[in-house]
Amino acid sequence: WEAEKYLPRSRQDYSFDYQVLRRDKGEGRMVEVLLAALPRELARQYWSVFQKAGCRLEVIDIVPLALERFLRYGEKVDLKEKPLLLLHLGNDCSTVAVIQKGKLSFTRILSFGAKTSGPQSLAGLIAEIERSLHYFRLEYRSLPPDRAIISGPLRNWPSKTLEYLETKGVPVVGYQT
């Protein structure tokens, strides 16, 4: 496991799940995975809230995978088209993700959220989105996303994010959550 070098505490303090993003068919046989880790104590707190509300919690999901399922099964969006950019502007952080060939193939968490938003942070957000998309195109030898969906509490903030994406040829197609 390489997970421990990315976690602030011991691996035993977390609940994990993963999804294989791609496998290298060469001699090195590398596997790229999306690893989700949630502190066990936080998982217990979530479980307790749902239990008290009379609900049975079956899964705690990360935003990009939850959005992918919503689009695939709820909205019946064909995700096997050209790459689709998911930009979730959250309270504490934001997520840039790309769905390619029907599955989540890239995700990156940015330290930008409702609590950190401000005039200076807009330039930083746009620079990080651009850096993420550049890395995606190089790493996956892919076309850039041809459309974007922005979600989260800051989905309407500010219009410059939308303008930036549109100047890059990535129209925002909606789906506010």
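These numbers come from a predicted model, not from an experiment. Along the sequence shown, residues are numbered consecutively beginning with 1.
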Margin query: I want to check something: taking the side chain as every heavy atom from C-beta on, are Val98 and Pro83 in contact at a cut-off of under 4.5 Å?
Written below: yes
Margin query: Starting from Leu42, can I reach Ile62 by hopping between I/L/V/M/F/W/Y residues whose side chains sit under 4.5 Å apart?
Written below: no
Check: Does a side-chain heavy-atom distance below 4.5 Å link Asp17 with Val59?
Finding: no
Note to self: Under the side-chain contact (heavy atoms from CB on, under 4.5 Å) test against Leu86, which residue among Ile150, Leu71, Val96 passes?
What the structure shows: Leu71
Notebook entry, point to check: Is Lys103 paired with Glu68 through a side-chain N to carboxylate O contact shorter than 4.0 Å?
Noted result: no
Next item on the list: Return the set of residues passing side chain to side chain donor-acceptor pair (under 3.5 Å) with Thr95 (not counting sequence neighbours), or none when no residue passes.
Entry: none
Note to self: Are Leu84 and Phe70 connected into the same hydrophobic cluster when the rule is that any two of I, L, V, M, F, W, Y join if their side-chain heavy atoms are below 4.5 Å apart?
What the structure shows: yes
Check: Any side-chain heavy atom of Arg56 within less than 4.5 Å of one from Phe50?
Finding: no
Notebook entry, point to check: Roughly how far, to the nearest 0.5 Å, is CD1 of Ile126 from CZ of Arg131?
Noted result: 13.0 Å
Checklist line | Approximate separation, where rounding is to 0.5 Å, of Asp13 CG and Glu41 CD | finding: 10.0 Å
Check: Hey, what's the ring geometry for Tyr135 with Phe106, parallel, tilted or perpendicular (30° and 60° as the breaks)?
Finding: tilted
Notebook entry, point to check: Do Tyr140 side-chain atoms and Ser105 backbone N/O form a donor-acceptor pair below 3.5 Å?
Noted result: yes
Item checked: Heavy-atom donor-acceptor pair, Arg40 side chain to Tyr14 backbone, under 3.5 Å -> yes
Item checked: OG-CD1 distance between Ser94 and Ile109, expressed to the nearest 0.5 angstrom -> 10.0 Å
Notebook entry, point to check: Quick one: does Leu133's side chain get under 4.5 Å of Pro145's, heavy atoms only?
Noted result: yes
Check: Okay, side chain of Arg108, backbone of Ala97: is any donor-acceptor separation there less than 3.5 Å?
Finding: no
Notebook entry, point to check: Between Leu110 and Cys93, which heavy-atom pair has the shortest distance, and what is it?
Noted result: O-CB, 3.2 Å
Next item on the list: Taking Ser132 for its side chain and Glu128 for its backbone only, find out whether a donor-acceptor pair lies under 3.5 Å.
Entry: yes
Next item on the list: Following the transitive rule for hydrophobic clusters with a side-chain heavy-atom cut-off under 4.5 Å over Ile, Leu, Val, Met, Phe, Trp and Tyr, establish whether Val63 and Ile60 coincide in one cluster.
Entry: no
Notebook entry, point to check: Would you say Leu85 and Ile149 make side-chain contact, with heavy atoms under 4.5 Å?
Noted result: no
Notebook entry, point to check: In Å and rounded to the nearest 0.5 Å, what is the CZ to CG distance from Phe16 to Leu38?
Noted result: 10.0 Å
Checklist line | From Trp47 atom CH2 to Cys55 atom SG, the distance as rounded to the nearest 0.5 Å | finding: 12.5 Å
Item checked: CD1-CG distance between Ile99 and Leu67, expressed to the nearest 0.5 angstrom -> 7.5 Å
